[in-house]
Amino acid sequence: MSRSPQRDAVEALEQTGGEVEEQDLEKNDEPASTEYLEVPRPRRRVSRHASDHSSVHDDLEKVASAATTIGSHASEMTEATEITTTASKSQEPEKQSWHHRINPLRRGKPPPIPKERIVSREYNAGFFSILTFQWVNPLMTAGYRRTIELNDIWLVNPNRSSEVMATKLMESFKRRAARNEKRPLMWALYDTLGPEFVFGGMCALFSALFQVFSPFTTRYLIQYSTERYNATQNGTPEPDLGRGIGLALGITFMQICQSTATNHFIYRGMMVGGEARAVLINAIFEKTLIISGRAKAGGRALPQEHASNGVPSAPEERSRPVLARKISSALHPKTGPKSTPDKGHGISGDGTGWNNGKIVNLMSVDTYRVDQVSGLFHILWTSPIQIAIVLVVLCINIGYSALAGYALLALMMPLLTKAIKALFVRRKGINKVTDQRVTLTQEILGAVRFVKFFGWESSFLARLKEIRRREIRMIQTLLAIRNAINALSMSMPVFASMIAFIVYSVTGHNVSSASRIFSSLALFNSLRMPLNLLPLVIGQATDASASLNRIQEFLLSEEQTDEIIWDDEMPKNAVEVEDASFTWERTATQDGNGPGGKGPPNKMQMKMAKKAAKEKAKEDAREAKAAKKEAKKNPQPSREFSPASSSDALSDDTAVEPFRLSGISFNVGRNELLAVIGTVGSGKTSLLAALAGDMRKTDGQIKMAGSRAFCPQYAWIQNASLKENILFGKPYKSKWYNNVIDACALRPDLAILPAGDLTEIGERGITLSGGQKQRLNIARAIYFDADIVLMDDPLSAVDAHVGRHIMDEAICGIMKDKCRILATHQLHVLNRCDRIIWMEEGHIQAIDTYDNLMANSESFQKLMASTSQEDETEKKEVIEVPEATKEDKRGKSKKKAQALMQVEERATKSVSWEVWGAYIGASGRGFLWPFIFIALVASQGANIATSLWLSYWVSNKFNAGRGFYIGIYAMLGVVQVILMFTFATLLSTSGTNSSKVMLQRAMESVLRAPMFFFDTTPLGRITNRFSKDVDSMDNSLTDAMRMYFLTLAMIISVFALIIAFYHYFAVALVPLLVIFLFASSYYRASARELKRHESVLRSVVFARFSESVSGVASIRAYGLQKYFTERIRDAVDQMDSAYFLTFANQRWLSTRLDLIGNLLVLTTGILVVTGGFNVNPAIAGLVLSYILAIVQMIQFTVRQLAEVENNMNATERLHYYGSQLEQEAPLKLKEVPDSWPQSGAIDFKDVEMRYRPELPLVLQGLSFQIRGGERVGIVGRTGAGKSSIMSALFRLSELSGGQIRIDDVNIAEIGLQDLRSRLAIIPQDPTLFRGTIRSNLDPFNEHSDLALWDALRKADLVGNEQGPVDEKAPQTPTTPTAEKTTRIHLDSPVEEEGLNFSLGQRQLMALARALVRNAQIIVCDEATSSVDFETDEKIQRTMRLGFSGKTVLCIAHRLKTIINYDRICVMDQGRIAELDTPINLFEQGGIFRGMCDKSHIVRDDFFRD
């Protein structure tokens, strides 16, 4: 079933080829501006009849100015706007080829690139210009003379802007949903886009009617030709020539009307689709910002709980007239919106909820399906009308015999529709597998640094390959069924006409009446388009209907209600919490085959799973008994869980009860500093999340006065400049900004960063160290200048002296008059706080001042004994700022900002032969392509032969019996179907095989790309290639190729047929062919570039959408929903500006090519009328019926060629990733013994390293040796090169000089797989994948459950009594933390990014993972920054025991954790400043001694165990 001709406007077909180097960016960079990140002002509505044309787009230009400024500032828009950096290249005079030089339209200077963008010319175009799409001409001319740049692309019409339409849609949707209508979203879309939709429908109807009138009129033309032929044969007077020419002109005029109506029907349909997509993306994004946590995790409010989905209460029905109410109830049954039935009590639908991946899928896939169906939607109702009218006319032509042909159609249509429904079910199955593949791909790419550290690329690729294998097999089956349906539906008119003519002949009628027979053949042929498209549109409509239901269900899901009472009149307090209880939500139901799983299980895995299930059942029974006893003693819940979702009464399906806070009561004064302390999992983060509005309140009340800022534990950082990240939508105030920079100790970092505060930060802050991210996070919260500042352990990732500076200058400095709530593990700051809340297991154990707690609480005294106190009388330390930076106090950048994110490579010519060669080669069966060509030629031969045979039958050429003619006629019809099916299936199988191989190559190439590729490429762009482009190759490319080759073959065969009988037709054909080829190249020049611009701009929408979705908690806490909605709307309008023009330029082409086709009809008509060739009327009839059939095909063929090119562009982009990316060293080089490394000795010799060729060295001449089994601590301030040592050791960045040897093996001489799989790492950002704890500790089933339980116990995540125990393993004593987290077991679900565990718990799991790996060399990168001192000490003890005899390199901020190590290496600016045993360094009195003094470490501490 072919996809619709609008696909060329929808599939992504970004750009490929010539990469834009960073140097080119620098040349083209203008001074950076922060203009784009100012909060956008609302647009003014512009009158269509504005007298002053410039005023029409004044306001719009302001909104879009960002898109035309090539700024070096880093918003994702850079990616789109910097397309213009290729402008300079395209303007360079190239040596023109001979055919360019003789082309008058290419002579002279190309038109200049406009300085600014204007509103679309369609907005003020006249009637004739709109009718013929002449308003697009200036763009086509520019595109033909030079490459189109972004400034050439006009802005969207103001009345089509997302803001205007989205407001309309949501008002209507809420009104209809309030009336409890069944399909409120569908009718809301109608309310929003109705006029254009209805106009398109009228055009579709006229087009369908004219498609019937033209073939019917040919009957009279053939009759005239017969009379003239007979007159010539018999010598009688010839009929009047004027009548014949009049008929020929009449047919041509009807064809012109029909093609105009068709063009406007398709244009309006596509515009409605594009607009619908824009408003739905808006609606989905707005809902994402307000959907409740419970709904996201698949929970539903219980009847007694109050919950709102944002729909107002129903209006009074009586206010509407009776007739209106009756019509409304017929059209809109008040049965309530359709939704997935609930799986259980307190569960919404199937309980899988709306995770971020699902929401992004709604935005990318579901909105696209709605867009896709709109193009040809009206065929659903015009086709039956057209089929009915054709039946009536056929009955006039050949009497009741026509009914016999129709009987076949009537029998086949329900069967075809049923087959299409079966396809729809299959498509749903495929979508699930595709979702798994895309989600797993996103997870792998999101954690690619981690995957490389562990050397897991091959294992993940194998998992992806298995999912892809299933997906391709399902797609090939679906395409084979669809090809069979297509072959049948394409041949149905042939069989229907065959049966009708056979019945006509058998019932005694004379078949020799050429006018009746060939007029009827033309009428049957006119059914080809509706019969072919109707099943397709039904399939698309069912897809779109399911998508609309999904979006509707999402839009009607529960919304977050602000449960905080905002009361600015509170006299003393800024926060008052009274007896409040809060809960996280249920864990969303896991998709059985989701990415967290390991793909389809094999037999061995199934056996193991059964065994594990039995063990688990026994264990659960033991646990249940223990839990009952425990519940009697202590009714408190057992562990901290964070974002997941559900109700208080949890269903049986919920494996783990969510974490709760209960009985919380406290007040905080307007300028008070309140500390929140407690062990890992005690509820500190949860308390701050509750105050930030991220946790559901189940009881009590919470009041706040003033505004709120939130500094989460895990900083959400945008892909923008450092400055824009701090401003976060607020206007720039220079003095305040500089104060904030200094208070957060960011001034020294600005000195290091290449462009100061204008340096672009990669996605998720990948270019910053942990400490820099955290300080940026604090700076954002302070700059926001809110009255209440919530800080979740902001000092964990920074060095002790930096933490001290932030405490002095920021928290107790410029924020001293604010209400500050600080969750922290840094107990030495507690005596600076006004009061302390001590959390334990979800409730407040104590709340008091520091002095009172020290005096009255024994356990608090014990807790404080583990940390040294800060001496208040001590002089304030000042962080030393480099001299250069002191001079640069105003924060001016030292040099022009260099964009970090690479501009996406964009090809500017048609797809190269190399890509075609790669595509054909990847199919794996190159020998099949000649067979594909033979099948195509043979099927077209059979098609022409069938009709020629009919003309022989009519003229009784062979003087044979009726049976002879009927037998061969039927046989040719059947052969045609078989050949068509063979051609299509061979093509689709080869194409999908190519897609499979090329995706595998690209995925391997991307995972094997060096880290700097990921640092400079937005994740959204890579994901776009692995989702949208792969979808194009899987589902659209072979379809487009099939349609293109079939229509092209049909046109060529028809022209050959006509020329065989009417030689003069060739004379007319030659100039028309030249015009045809010229118009095609004229169109393709700009179509290709428009499509590529649209794709780049679409990437921006994707990147911006997915980035914002992951930062919803921060956006909500800061109350910036409106600002981020404006950003999305602006990006959507930018995308639509190019997207809408792709529809218009298609129609521009169609209008002109249809004119050529209609001139061919006129030429044929005149040739038939004048009868100069003395051709049999049967042949004349055949020629006329064919020329009418192919008029529409001519422009359809050119569009299909553009469609093939556009979809091949997806292939080109995937091929680029598969063949052009720089690669890391090989995974395997020489054989490495299994026992290597035995001792774990590491030798650094003159090591030099830089992250990218153009960046300065981060390690400079590093030389030191680490003995096997030695434990070395690495310290130094942010940016000193601590983490760079780790990158060098794992070869994430190759050395610029020197070498590293492990056990006397140069690591540069062995494969990366051998190196990385023998090392273990506990990273700073603990990465967890969706799945279970088991799949995270041991993703590839390499270890026994015994080893996994042992690692969990050693990591202090479970108690000794849990799980099977290895008798030989050394036992660690049970600790309070372990007792507290007994609910963690190997099958505990892990959500996206492990967000259902606290950061401390995730770090413990990273430790467990390293224990499982049991490597000889372990690297810890600030692995305990987010746990309390008590847990940290336990971890250090575990590391001493678990890693005894192993080499440990530990990068640490907490000096106390490493002062017992064998040696300490102090790094400074990429060099070793000091290296010796801790006590020696302490006594030498250098940098290390200074750090110890700042952390209050005394000599005795070095001798404690």
Are T507 and S401 close enough, and set up right, to give a side-chain contact (heavy atoms from CB on, under 4.5 Å), and what steps lead you there? CA-CA 8 Å; T507 50; S401 304; 4.1 Å; yes

Would you please test L205 and Q386 for side-chain contact (heavy atoms from CB on, under 4.5 Å) and show each step? CA-CA 8 Å; L205 182 62; Q386 187 179 344; over 6 Å; no

I need the minimum non-hydrogen distance between [X] and [Y], along with the two atoms involved.
| X | Y | value |
| --- | --- | --- |
| K957 | Y965 | N-OH, 3.4 Å |
| S129 | A125 | OG-CB, 3.9 Å |
| I398 | S520 | CG2-OG, 3.4 Å |
| F524 | L394 | CZ-CD1, 3.6 Å |
| D371 | G274 | OD1-N, 3.6 Å |
| S214 | M254 | OG-CB, 3.6 Å |

Only one of [options] passes ring-ring contact (aromatic ring centres under 6.0 Å, His included) with [X]; say which it is.
| X | options | answer |
| --- | --- | --- |
| W949 | Y969, F964, F501 | F964 |
| W1148 | Y1083, Y1082, Y267 | Y1082 |
| H264 | F133, F206, F1143 | F133 |

Hey, are the side chains of [X] and [Y] touching, using non-hydrogen atoms and a 4.5 Å cut-off?
| X | Y | result |
| --- | --- | --- |
| Y504 | R516 | yes |
| L209 | T382 | no |
| V272 | F377 | no |
| T1197 | I1051 | yes |
| V393 | L523 | yes |
| Q1200 | L1048 | no |
| S225 | V1169 | no |
| T217 | L247 | yes |

Check: [X] side chain, [Y] main-chain N or O, donor-acceptor pair, under 3.5 Å:
| X | Y | value |
| --- | --- | --- |
| R228 | T1170 | yes |
| H378 | F197 | yes |
| Y1044 | V1204 | no |
| R1042 | A984 | no |
| T982 | A935 | no |
| S374 | V370 | yes |

Residues which pass side chain to side chain donor-acceptor pair (under 3.5 Å) with [X], listed by chain and number, not counting sequence neighbours:
| X | value |
| --- | --- |
| T1164 | none |
| T1038 | none |
| Y229 | none |
| R1152 | Q134 |

Would one find more than 12 heavy atoms of other residues, nucleotides or ligands at under 6.0 Å from atom [atom1] of [X]?
| X | atom1 | value |
| --- | --- | --- |
| F933 | CZ | no |
| Y224 | OH | yes |
| F958 | CZ | yes |

Which of F210, F213, F253 passes side-chain contact (heavy atoms from CB on, under 4.5 Å) with Q258? Answer is F210

Give the intermediate values and the outcome of side-chain contact (heavy atoms from CB on, under 4.5 Å) for residues T946 and M971. CA-CA 9 Å; T946 311; M971 182 196 73; over 6 Å; no

Distance-only side-chain donor-acceptor flag, S1150 / R1147, under 3.5 Å: yes

Under 3.5 Å, is there a donor on one side chain and an acceptor on the other for Q976 and S939? no

Among residues two or more places apart or on two chains, list those pairs meeting salt bridge (charged side-chain N to carboxylate O under 4.0 Å, His left out) that have a residue in residues 242-269. E196-R268, E227-R243

Go through it in stages, so that I can follow the logic: the residues are S1086 and N1145, the test is side-chain contact (heavy atoms from CB on, under 4.5 Å), and I'd like the CA-CA distance, side-chain angles, deciding distance and then a yes or no. CA-CA 8 Å; S1086 53; N1145 78 349; 4.1 Å; yes

Mind checking what makes side-chain contact (heavy atoms from CB on, under 4.5 Å) contact with A404, not counting sequence neighbours? I499, V503

